Each structure stands twice: as structure tokens, then as C-alpha cells.
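First comes the structure, then the notes that go with it.
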Amino acid sequence: MIHVNGDGSMMTMPGTSEAQNPSYLAMTPDGATLFSTVEAYNDEGLNPTLAHSRVEVWAVGEGGALEKVSSLDSNGFACCHIVAHPAGG
């Protein structure tokens, strides 16, 4: 995942080396948790022909650093939209 700075330059977000092709993101109102969808993966990583999808949960730390908390198979294909509840979950 990348962050676009105010001057247009980009930087890789700290702690996102584990993120494999996140397609949709949703953050809790308090900014402490980020949810992402991954549309296509298998045990070896991304594979568009085996389009299982999953939801990943990230804790947002100091300076926006991300730490993966969990990952759950969606039991479906091409999971593409996600939303965080206004109450924070």
C-alpha cells in the first residue's frame, strides 16, 4: 500500500509488505483499524484463475504503520466492497 504525500510524491506505507493486492479499503471512524479486501489468492499468493477472496484486518499504529491482525477467507469469489460500521466495527 502506498501513501500519496501533499506534494504528490508517494511512499510505501510502513508494515504493508504483507499486503497482496488490496482492492478496497475501509477504516473505522477512530482510525485505529483498516479493513481490506483481496480479490484473488491461493496458498501460493495471488492467482487470478483461482479467484478466492479474503478480508484482512490491519491495526493502524504510530505514523500510520500497519500491522496485520487477521485474515479471513470470504468463502466466495471476487470480494470487492467493504465498509466499516459507523460505531467502529
Side-chain angles (χ1 to χ4, degrees):
M1 291 185 220
I2 62 166
H3 173 77
V4 180
N5 298 313
D7 64 2
S9 63
M10 294 182 281
M11 62 179 254
T12 301
M13 293 295 296
T16 61
S17 61
E18 293 181 57
Q20 293 184 344
N21 195 31
S23 54
Y24 288 85
L25 305 172
M27 186 171 283
T28 56
D30 64 3
T33 306
L34 177 71
F35 299 91
S36 66
T37 62
V38 177
E39 293 187 51
Y41 80 96
N42 65 13
D43 291 337
E44 289 77 45
L46 294 176
N47 185 337
T49 62
L50 299 171
H52 288 268
S53 56
R54 68 177 177 244
V55 175
E56 296 180 335
V57 182
W58 301 81
V60 181
E62 188 78 25
L66 299 175
E67 179 182 344
K68 189 189 291 185
V69 175
S70 66
S71 179
L72 178 67
D73 192 309
S74 70
N75 294 317
F77 298 96
C79 176
C80 62
H81 297 285
I82 192 164
V83 65
H85 191 276

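Not measured: the values here are computed from a predicted model. Side-chain atoms are counted along with the backbone in the values below, which use heavy atoms only and exclude waters and symmetry mates.
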**Study point:** Atom pair CZ (Phe35) and CD (Glu56), whose distance is rounded to the nearest 0.5 Å
**Key:**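 If I round to the nearest 0.5 Å, the distance is 12.0 Å.
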Point to revise | Check: Ser53 side chain, Ser74 main-chain N or O, donor-acceptor pair, under 3.5 Å | key: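 Here the side-chain-to-backbone pair does not exist.
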Review point. Sub-3.5 Å donor-acceptor pair from the side chain of Thr33 to the main-chain atoms of Thr28, do we have one?
Key: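 No: the side chain of Thr33 does not pair with the backbone of Thr28.
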Check your understanding: Between Ser36, Ser70, Ser71, which is the residue that forms a side-chain hydrogen bond (donor to acceptor under 3.5 Å, both in side chains) with Trp58?
Key ->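 Looking at Ser36, Ser70, Ser71, the match for Trp58 under the side-chain hydrogen bond (donor to acceptor under 3.5 Å, both in side chains) is Ser36.
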Point to revise | Side-chain touch Leu66/Val60, heavy atoms, less than 4.5 angstrom | key: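 A side-chain contact under 4.5 Å exists here.
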Exercise for review: Identify the two heavy atoms, one from His81 and one from Thr37, that lie closest to each other, and give their separation to 0.1 Å.
Suggested key: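 Shortest heavy-atom contact: O-CG2, 4.2 Å.
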